[in-house]
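Written out below as structure tokens is the structure these notes cover.
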There are 2 protein chains.
Amino acid sequence: MYEYPVEATLEVIGGKWKTLILCHLTYGPKRTSELKKLIPEITQKMLTQQLRELEEDGVILRTVYNQVPPKVVYELSELGESLRPVIDVMCDWGERYIQGKLPERGDSGL
Amino acid sequence: MYEYPVEATLEVIGGKWKTLILCHLTYGPKRTSELKKLIPEITQKMLTQQLRELEEDGVILRTVYNQVPPKVVYELSELGESLRPVIDVMCDWGERYIQGKLPERGDSGL
DNA sequence: CGGAATCCGGAAAGATACTG
DNA sequence: CAGTATCTTTCCGGATTCCG
């Protein structure tokens with residue numbers, strides 16, 4: 001099915017906003033409006049779409065509370081929990097990257 | 001600049017084909033045609049584009065040999081090497097995912 | 001001949017308004 | 001509050017063309 005294993009990973013978390021969403025969900029369950037507030041640049045449409053795909057891939061759970069106003073909560077599934085090491089190492093690299101604690105950029109600096 | 005560190009990571013390796021390209025480069029320098037052969041589904045255009053962006057972000061080095069026929073070789077820079085743990089953990093998860101060694105999908109299974 | 005740039009049609013993503 | 005529908009804009013795939 002996949003030429004290389006990493007393609008499977010990309011299939012699951014490769015969406016434009018998926019890793020960021022999962023990153024926020026590692027801190028606990030979040031409802032839609034919370035995620036929207038945590039990721040202001042995302043549009044409602046893309047948020048819904050990416051959440052749907054994550055749900056279909058079984059990495060997050062979606063719980064709907066039948067009430068008015070509506071309440072929908074998303075959280076990591078067991079499979080999603082298994083992605084923690086991936087998320088963590090990505091967050092970690094990003095931190096060091098921002099803080100300049102990584103090797104210099106490999107080019108001539110232009 | 002970034003709301004969350006992981007956004008920096010996504011900025012660098014978040015492109016559609018970047019992680020896969022980097023994955024192949026972890027096995028050693030590759031010329032354009034080799035990468036094209038390793039990733040048949042990618043178009044020449046996207047390959048060039050993603051390689052340019054990776055180069056601009058300083059994670060890969062581009063060496064042009066002035067000869068006929070042309071020869072261009074790409075390899076990880078020092079900064080790119082620092083991404084190895086990220087790539088590795090992603091490959092590792094993908095392997096276990098494919099082999100069914102991960103928790104069941106979190107949904108009702110349908 | 002390998003590598004990259006260009007042009008165009010289609011698909012995906014952004015913005016916004018609307019519904020239950 | 002969540003999610004949908006519509007429209008616009010950007011991005012991607014494929015073919016062709018260009019250059020050394």
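Below, read A as the first sequence line, B as the second, and so on, with proteins coming before strands; counting in each chain starts at 1.
Residue-environment remark: CD (A:E78) stays at or below the threshold of 12 foreign heavy atoms within 6.0 Å.
Across the protein-nucleic acid pair, A:M46 atom CE and D:dC11 atom C1' stand 12 Å apart, rounded to whole Å. Taking atom CD1 of residue A:I42 and atom C1' of nucleotide C:dA15, one finds them 14 Å apart after rounding to whole Å. The interatomic distance linking B:L51 (CG) with D:dC12 (P) rounds to 14 Å, in whole Å. Taking atom CG of residue B:L47 and atom C1' of nucleotide D:dG14, one finds them 15 Å apart after rounding to whole Å. As rounded to whole Å, 9 Å separates atom P of C:dG3 from atom CG of B:L35. The interatomic distance linking A:Q50 (CD) with D:dG3 (P) rounds to 14 Å, in whole Å. Remark: P of C:dA13 and CG of A:L20 are 15 Å apart, rounded to the nearest angstrom. Look at CD on A:E53: it is 11 Å from C1' on C:dA12, rounded to the nearest Å.
In this structure, B:R31 does not reach the C:dG2 phosphate: none of its side-chain N or O atoms is under 4.0 Å from OP1 or OP2. Put simply, A:K16 has a side-chain N or O that comes within less than 4.0 Å of OP1 or OP2 on C:dG14. Regarding contacts with the backbone of C:dA4, a side-chain N or O of B:T32 is found under 4.0 angstrom from either OP1 or OP2. Between B:R62 and C:dA4, a side-chain N or O to OP1/OP2 separation shorter than 4.0 Å is present. At D:dA2, one or more side-chain N or O atoms of A:S33 fall inside 4.0 Å of OP1 or OP2 (strictly under the cut-off).
Place A:W17 and B:P69 on DNA chain C by their nearest nucleotides, and B:P69 ends up nearer the 5' end. Residues B:V68 and A:P70 both approach DNA chain C. Their nearest nucleotides, taken by heavy-atom distance, put B:V68 toward the 5′ side.
Under a hydrophobic-cluster definition in which Ile, Leu, Val, Met, Phe, Trp and Tyr are linked whenever side-chain heavy atoms come within less than 4.5 Å, directly or via other members, B:V64 and B:L25 are assigned to the same cluster.
For A:K45, the listed nucleotide lying nearest its side chain is C:dA15; candidates were C:dA15, D:dC12, D:dA2. Listed nucleotides D:dT4, C:dG14, C:dA4 differ in distance to A:Q44; the shortest reach to its side chain belongs to D:dT4. Comparing atom distances between the B:R52 side chain and each of C:dA5, D:dC12, D:dA2 picks out C:dA5 as nearest.
Salt-bridge annotation for B:E81 and B:R84: present, with a side-chain N of the basic residue lying under 4.0 Å from a carboxylate O of the acidic one.
Contact of B:K71 with C:dG3 (side chain to base): no donor-acceptor pair of N or O atoms is detected under 3.5 Å.
Within the cation-pi definition used here (under 6.0 Å to the ring centroid, within 45° of the axis), B:K30 does not qualify as a partner of B:Y74.
In this structure, A:Y74 reaches the sugar-phosphate backbone alone: every heavy-atom distance under 4.0 Å involves primed, P, OP1 or OP2 atoms, never a base. Residue B:K36 is classed as having no contact, given no heavy-atom separation below 4.0 Å to the nucleic acid. Note on B:Q49: only backbone sugar-phosphate atoms sit closer than 4.0 angstrom, heavy atoms only; bases stay farther off.
At least one side-chain heavy atom of A:W93 sits less than 4.5 Å from a side-chain heavy atom of A:L102.
For the side-chain contact (heavy atoms from CB on, under 4.5 Å) test with A:H24, the passing option among A:L20, A:I21, A:L22 is A:L20; the others fail.
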